[in-house]
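Order of the sequence lines sets the chain letters (A, B, ...), proteins ahead of strands, with each chain counted from 1.
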Protein chains: 4
Amino acid sequence: MRAAIAVIAEAGYLKASFSRIAKHAGLSSTGMISYHFAGKDDLLAACVTEIEEITGAFMQPRIDAAVGHVAQLRAYVEANVDLVGEHPAEVRALIDLIKNAGSRSDAVNGRLALFEEHFRTGQAAGAFGTFDARTAALSFTSGLDAVVATAAADVPEPAELARIGRELADLYVRATAPESTGESE
Amino acid sequence: MRAAIAVIAEAGYLKASFSRIAKHAGLSSTGMISYHFAGKDDLLAACVTEIEEITGAFMQPRIDAAVGHVAQLRAYVEANVDLVGEHPAEVRALIDLIKNAGSRSDAVNGRLALFEEHFRTGQAAGAFGTFDARTAALSFTSGLDAVVATAAADVPEPAELARIGRELADLYVRATAPESTGESE
Amino acid sequence: MRAAIAVIAEAGYLKASFSRIAKHAGLSSTGMISYHFAGKDDLLAACVTEIEEITGAFMQPRIDAAVGHVAQLRAYVEANVDLVGEHPAEVRALIDLIKNAGSRSDAVNGRLALFEEHFRTGQAAGAFGTFDARTAALSFTSGLDAVVATAAADVPEPAELARIGRELADLYVRATAPESTGESE
Amino acid sequence: MRAAIAVIAEAGYLKASFSRIAKHAGLSSTGMISYHFAGKDDLLAACVTEIEEITGAFMQPRIDAAVGHVAQLRAYVEANVDLVGEHPAEVRALIDLIKNAGSRSDAVNGRLALFEEHFRTGQAAGAFGTFDARTAALSFTSGLDAVVATAAADVPEPAELARIGRELADLYVRATAPESTGESE
DNA sequence: AATGAATGAGACTTCATTCAT
DNA sequence: AATGAATGAAGTCTCATTCAT
């Protein structure tokens, strides 16, 4: 079962057949997988849930610790990039799953809606400037995924990860900053 | 043959089997496809090339017409979003191909390198601020793809496309802007 | 165990897998079925026996009450059709079992031999005319099953069942009647 | 393709898997069967059609040659039994297919409707007596199948087949004969 | 250039059965 | 008496590829 995640991380969504997963799990046949899960979708959904629990445990405290919309955006981005150092396989698998589940997945849509809402409330609070919250959410979640996926493909030192996270957060913070006046919140 | 592009656009990379393509092309057998192309990779590579020609014809003039690093970045982004209105099927197909080809594809790497180089030279010229060119290139190309893919899935009015393009370009321009002083170049 | 009969009646012999039966029986595993029965054949044979007891309890008294070969033939046919009104599920299941067990089953061969013997002794007693007892037995038992199966698929009113039974019995009685002379026995 | 019919005849509907058919046809894999037929249902439907052509070629002339409702009924029954001598495998296969297709099949319902209609028009013409046409049709088609199936399981001499056919036809003719008066038509 | 048939591998799923607990 | 996990086989189906015609 963790085998499924491992296989997706190693071989990718496309190659993650029941055979491969069964072999990785030390099972002698694919029958057991069908026995435990209603179908491939069910298995993959279970994997997503499992991974989200793991990643949430790592990221959520750091996000919650941040105060203010801008700081939270930065915390999210940096935590997500740092996550690669802790759970590279899970990250690889999740991003592959997200990529191939497309817009059907709750995982994608949930995060997208979260970002959009965060931008909107932040704009109302004066923490962010004027921009299309939806476009920003779309672009930044996907961009974040790409950076994370690249990092996960060949995991760098923690320091390098931290630097990348900071860089990326800088970009997003700058892109969403209020126009002219000084600080806010 | 254009059929392949159409099928990928409609059914997606995963479902784009030789059978499906042959049927869409009016061929009664998949043999012809294997006859013309060395294999599936070859066919897909040919599709990428074909689509890039089409999209290049639309985008390149607009990019070339822009003067200065910032304007070119904006031109690229806006042209790419507007492209959805002109060639939605090709855009859908190309993005699906890119997504599934991963980092093996020249198309991805080429564009990535192009962006990175553009950022670097722009920084040297003072057009852009200080940031990690590679991280920005990764994040922005993928973010752009996501916005474009979403637009292509349900093509909006040209005016709306233009607005989205402008919004996205604004974000990227702001994220990469020089720190304090006014204009440059 | 009654669950097996119910499942066969509802889903048919083909779909009556251990899983389905276990689920219908409120069992969480198929293991128990294998524990109680030597194999699938054993289970099905047990079902046949069980059903035959139930149907026998309904039919036998009516057959025994009839006097004379002709009356007994009529009683058997009519009782069998009326049985549908009392135990539709059991009837459905039994017929499905008979159909799929083919000529291996004792149930089929027993009834066939019974009919054949009944015709032969009836012919000797002058109750029936001249005809091939075996052919008649074969044709009439199967014909009876077909009528019963059709009735069991969509159970009609008791009155309608009685009518069908009478009609069918009429046909069989007429087909087996002595040539010219009047009554017999 | 004829292989499918042969396998059904030999091993029965239940065991007629693609593997078995492929092996019998000299094919190295089951892929070809799926290539030619949309699915199992499609293949079986094709078999039914094929067999019906063969049997129709044998039976139809003999039925058409008969004059009057009674003679046609007799001709149908006798031709069907004699058919076993000519095409035992096809007969075995068709009956197995009919048995397992149940009431979904056009083959079953078509013949049933044919018999029912024949009885009804014959009754109107005075060729048959008073009885429920539907019940008779159901019983006699199934009874005929049973006799034919038994004969096909262990094909007897042509003379014996002819005798069985005559016996069965006698039964059905007698069962459906007009009440008292002499000949008709 | 095109067809139609064939191949071999692999996909997901279901089944009857076994067994330790 | 019951559970839950495992097995191994078989089932239908799809795929990319090959090849004679």
Tell me: [atom1] of [X] to [atom2] of [N], nearest whole Å?
{"X": "B:Ile21", "N": "F:dC15", "atom1": "CD1", "atom2": "P", "answer": "10 Å"}
{"X": "D:Lys23", "N": "E:dA6", "atom1": "NZ", "atom2": "C1'", "answer": "18 Å"}
{"X": "D:Leu27", "N": "E:dG4", "atom1": "CG", "atom2": "P", "answer": "18 Å"}

Going through the distances and angles, do C:Phe37 and C:Met1 end up as a side chain to side chain contact (heavy atoms under 4.5 Å, CB included)?
CA-CA 10 Å; C:Phe37 299 93; C:Met1 269 342 118; 3.4 Å; yes
Look at all strands and tell whether C:Ile33 reaches a base, only sugar-phosphate, or nothing, counting heavy atoms closer than 4.0 Å.
nothing
Determine whether more than 12 heavy atoms belonging to other residues, nucleotides or ligands lie under 6.0 Å from atom NZ of C:Lys40.
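Yes, the 6.0 Å shell around NZ holds more than 12 heavy atoms from other groups.
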Within a strict 4.5 Å, meaning less than it, do heavy atoms of the [X] and [Y] side chains meet?
{"X": "B:Thr55", "Y": "B:His87", "result": "no"}
{"X": "D:Ile21", "Y": "D:Thr30", "result": "no"}
{"X": "A:Pro88", "Y": "A:Arg92", "result": "yes"}

At under 4.0 Å between heavy atoms, which parts of nucleotides 8-15 of chain E does protein reach? Answer with one letter per nucleotide, 5' to 3': B base, S sugar-phosphate only, - none.
B--SSBBS
Would you call D:Arg111-D:Asp106 a salt bridge at under 4.0 Å N-O?
no
Hey, which sits more toward the 5' end of DNA chain F by its nearest nucleotide, A:His36 or C:His36?
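Its nucleotide being nearer the 5' end, the pick is C:His36.
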Stems with DNA chain E, 3 or more Watson-Crick or G-U pairs in a row (under 3.5 Å), are E:2-21 with F:2-21
When every non-hydrogen atom of C:Ala11 is compared with those of C:Arg20, the smallest separation belongs to CB-CD, 4.2 Å
Determine, step by step, whether C:Leu44 and C:Ile8 satisfy the side chain to side chain contact (heavy atoms under 4.5 Å, CB included) criterion, reporting the C-alpha distance in whole Å, the side-chain angles of both residues, the deciding distance to 0.1 Å, and the verdict.
CA-CA 10 Å; C:Leu44 297 182; C:Ile8 298 170; 3.9 Å; yes
